[in-house]
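A quick write-up on the structure given underneath.
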Amino acid sequence: ISFFMNSTWVQSFFGLSSSWPWRLPASISGISAGNLKPPLKAHPAVELWCSNPRKKKWNQLNARNVMLPLAESEQQILLLLAREALVESVSTGKLAEITLPPGAPDHPCGAFVTLRRGGRLRGCIGYIESVKPLYETVRECALAAALRDMRFDHVEPDEVPLIHIEISVLSPLVEISPEEVEVGRHGLLISRGYTRGVLLPQVPVEWRWNRERFLTETCRKAGLPGDDWKNGARIQAFTAQIFTESPALNSNPRSSALL
């Protein structure tokens, strides 16, 4: 996956590693796109906010920062827009400006678009934070995943019907302590100075990591010692709502709740 922060794309596989100046890494600690296994189970729509009242760091966020889960109709609209952006970008290399589609989520929000072919990663790029409307972010991520993921050749037109799209919509970042990290709920951003690494919530679930392994791998993704989460590295967390295309959308980009 690649992510966008401070107007810079940063690339990785289901996460990122980076330092200053930003660099483009390859994969998670030896896990390559070629041997990506299918998820152990389907990802539910991950809860966007921790409901435990004892976790004050999550609950003290003010109302304008709290993102409500997307409705099914909004998810389908975003999937359609991602599919149409994939088709358009592969055909023309760019995206035309569009007006706000009826019912499309337009609040600023971080998001990732993941492309898979036959269960294998084909591209993934996203924004950890964004100032643009969510529907625009999703369209840009779909184009970038198809054409700007430097680990892969560009997606070719004859591949498009074989590509499956997954979207992860992210909550804002919050500070979190190691003992508060929950596998299957949280994604992590671990940093020290200008060096940082990110892994999405689905990663430890797919690779059967426990909390300590999740923290360790995120540190390694940042290029930090694996135990740096114990030694003062900054730990931030986010959650994600993850949704994917139905089989019909793969073969018919126009089948959606929009029509």
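Quantities reported herein were computed from a predicted structural model and do not represent experimental measurements.
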Quiz item: Can you check whether F152 reaches R122 side chain to side chain, under 4.5 Å on heavy atoms?
Solution: yes

Practice problem: Measure from the side-chain N and O atoms of R117 to the backbone N and O of H164, and report whether any donor-acceptor pair falls under 3.5 Å. | Solution: no

Quiz prompt | Minimum heavy-atom distance P178-L215, with the two atoms named | solution = CB-CD1, 4.0 Å

Exercise. Report yes or no: do S177 and E180 form a side-chain donor-acceptor pair below 3.5 Å?
Key: yes

Self-check item: Of E166, E245, E159, the residue whose pairing with R116 passes salt bridge (charged side-chain N to carboxylate O under 4.0 Å, His left out)
Solution: E166

Quiz item: Side chain of E217, backbone of F214: donor and acceptor closer than 3.5 Å?
Solution: no

Practice problem: Write down the atom of V113, the atom of C141, and the distance for their closest heavy-atom approach. | Solution: CG2-CB, 3.6 Å

Quiz prompt | Atom of A85, atom of A142 and distance for their closest heavy-atom approach | solution = CB-CB, 4.0 Å

Practice problem: Determine yes or no for a side-chain-to-main-chain donor-acceptor pair under 3.5 angstrom, with N210 supplying the side chain and R213 the backbone. | Solution: yes

Exercise. Apply salt bridge (charged side-chain N to carboxylate O under 4.0 Å, His left out) to R234 and E175, showing your working.
Key: CA-CA 8 Å; R234 185 183 185 186; E175 305 290 333; 2.5 Å; yes

Quiz item: So do the side chains of H107 and P105 get within less than 4.5 Å of each other, counting heavy atoms only?
Solution: yes

Practice problem: Measure the CG-CD1 distance between L115 and I125 for me, rounded to the nearest 0.5 Å. | Solution: 9.0 Å

Quiz prompt | Nearest atoms (heavy-atom pairs only) where I98 meets L81 | solution = CD1-CD2, 4.2 Å

Quiz item: Are R139 and E84 ion-paired here, with the side-chain N under 4.0 Å from a carboxylate O?
Solution: no

Self-check item: Residue pair T99 / Y135: nearest heavy atoms and the distance that separates them
Solution: C-OH, 4.4 Å

Quiz item: Are L143 and I167 joined in one hydrophobic group, where the rule is that I, L, V, M, F, W and Y side chains link up if heavy atoms are under 4.5 Å apart?
Solution: no

Quiz item: Should side-chain heavy atoms under 4.5 Å link Ile, Leu, Val, Met, Phe, Trp and Tyr, which residues sit in the same cluster as V131?
Solution: none

Quiz prompt | Salt-bridge criterion met for E140 and K132 (N-O under 4.0 Å) | solution = yes

Quiz item: Do the side chain of S171 and the main chain of T239 share a donor and acceptor less than 3.5 angstrom apart?
Solution: yes

Quiz item: Should W209 and T218 count as side-chain neighbours, where that means a heavy-atom distance under 4.5 Å?
Solution: no

Quiz item: Is the shortest heavy-atom distance from the side chain of L86 to the side chain of V160 under 4.5 Å?
Solution: yes

Quiz prompt | Side-chain heavy-atom pair L70, V169 within 4.5 angstrom cut-off | solution = yes

Quiz item: Quick check: does any side chain N or O of Q236 sit under 3.5 Å from a backbone N or O of I190, one acting as donor and the other as acceptor?
Solution: no

Quiz item: Under the 3.5 angstrom rule, does the side chain of D228 hit a backbone N or O of C219 as a donor-acceptor pair?
Solution: no

Quiz prompt | L170 to C109 - nearest heavy-atom pair and separation | solution = O-SG, 3.0 Å

